[in-house]
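In listed order, ligands and their atoms are each counted from 1. The structure presented is a predicted model; accordingly, all values stated were derived computationally and were not measured.
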Amino acid sequence: MSSHTVSTRPFSEADIDAIRDDTPGVRESAYLMSAGSALMTTSVYTAIRAHLDLEMKIGGYAAADSRAEALDGVYDSVARLVGVDADEVALTENATVAWQLIFNSLRFRPGDRILTGEAEYGANFVSYLQVAQRYGAVVEVVPSDEFGQMDTNALEQMIDERVRLISITWVPTNGGLVNPAAEVGRIARRHGIFYLLDACQAVGQMPVDMEELGCDALSATGRKFLRGPRGTGFLCVRREALLDLEPPMIDHFAAPWTSLDSYTLRRDARRFETWENAYALRAGLGASIDYALELGLERIQERCYSLADRMRDGLDSIPGVSVHDLGVERCAIVSFTVDGQPAERVVTHAQSLGVTIGTSGPNSTLIDADRRRLPTLNRAAPHYFNTEEEVDLFVDVVQQARSVR
Ligand SMILES: Cc1ncc(COP(=O)(O)O)c(C=O)c1O
């Protein structure tokens, strides 16, 4: 871990201009889809291209060798981003793989309880169902409180000696809710229960500190608020938990073949990796993390949240438009519906006027969608590189979307 001094003052107009100069995509549209796949910076693109150029010229093995130090630095970047040491980091091809690797390292026995939340992500939930079917574990959903976030009092009351895992999504895929992840961590630690945190939509838009969160493992992706390339993600596992976890699949990188009939698992988090990797994309992930760290996550959070609040205020003032975000703390994901308009039509309409937004279907967060009877929602996610003018344009566009046929 290194201490890194970054500015905490709010971004000035000049800062935003400079950031937008680094972001060619802002010239194409008012891009409000950073929860899907955010716009890369020029530095990210250049890092990827430089590595590919090298692979083309001297071959993939020599390229990786000649950039070994910089590529190793990507682990340090992730470590700084989430407040762990580099040997607690594994790089993966996405957040789902990161999450699956750690989840499937846990051994479940009949009657073991898995506690999760109402806003749990679809990929995670079907995995709970799979281990429930395979091993007789029991999946239980902790209710939400009156604000729609996980009710930590209810969680505390549900704990007994059969709880094997607490596993939640910090920022769900379908809206602005920020679950009380650190409070959940305090409960998990108090009871000595393994705590897995899906931080996929939190990294890059807010400070993340695994120690403060109290989680044993955390998974995330590169392409969302971190502004990295697609096909990148990472897994962080606390050292104390690491050595007890046998990955569900291994190769001779994760577990060197040390004698004819034995292997020895690596002692660091790279026991969750395999030998072959997309080094160009890793270089891009590293560049995206360094860019965010350089700007400062507190400032990023402040600007992201304030643009999202401006969006919600704008949408709240339009009759026939409903904002669906839950929670005490609401982040830079804004979910909404326009009366009588399918979400896809709103997306097409917005795109025709130069505004890029997305949708989120019920199947990604089925418990929440079912409980609140949510249809496919529109999802708009600003980032610090967006401007107030873009947000206002977005609000105008949604207003007009009410009468599109
Ligand atoms: C909350 C959450 N977790 C995990 C994922 C999966 O991330 P990836 O597509 O990188 O595997 C997503 C993707 O939308 C998500 O929203």
Heavy-atom pair of closest approach, residues P229 and G284: CD-C, 3.7 Å
Distance-only side-chain donor-acceptor flag, E55 / Y279, under 3.5 Å: no
Atom 5 (C) of ligand 1: nearest protein contact (heavy atom, Å): Y121 CE2, 3.2 Å
Ring-face cation contact, Y305 with R330, 6.0 Å cut, 45° max: no
Under-4.0 Å heavy-atom contact with ligand 1, by part of C200 that carries it: side chain
A95 N/O under 3.5 Å from ligand 1 N/O: yes
Proximal candidate to atom 16 (O) of ligand 1 [heavy atom criterion; set T92, N94, T173]: T173
Y61 ring center within less than 6.0 Å of W275 ring center: yes
Minimum-distance protein heavy atom relative to atom 8 (P) of ligand 1: R223 NH1, 3.5 Å
Residue, atom name and distance, where the atom is the protein heavy atom closest to atom 10 (O) of ligand 1: T221 OG1, 2.6 Å
Ligand 1 versus V171: contacting region, heavy-atom distance under 4.0 Å: backbone
Protein contact to atom 3 (N) of ligand 1 [nearest heavy atom, distance to 0.1 Å]: D198 OD2, 2.6 Å
For T96, the ligand 1 atoms whose distance to one of its heavy atoms is below 4.0 Å: 6 (C), 7 (O), 8 (P), 11 (O)
Non-hydrogen side-chain atoms of F385 and I16 separated by less than 4.5 Å: no
Nearest neighbour in protein (non-hydrogen) for atom 13 (C) of ligand 1: K224 NZ, 3.1 Å
T169 and ligand 1 - part of the residue with a heavy-atom distance under 4.0 Å: side chain
Pair R239 + D87: basic N to acidic O under 4.0 Å: yes
Donor on one side chain, acceptor on other, Q149 and S144, under 3.5 Å: no
Carboxylate-amine/guanidinium proximity below 4.0 Å for D72 and R270: yes
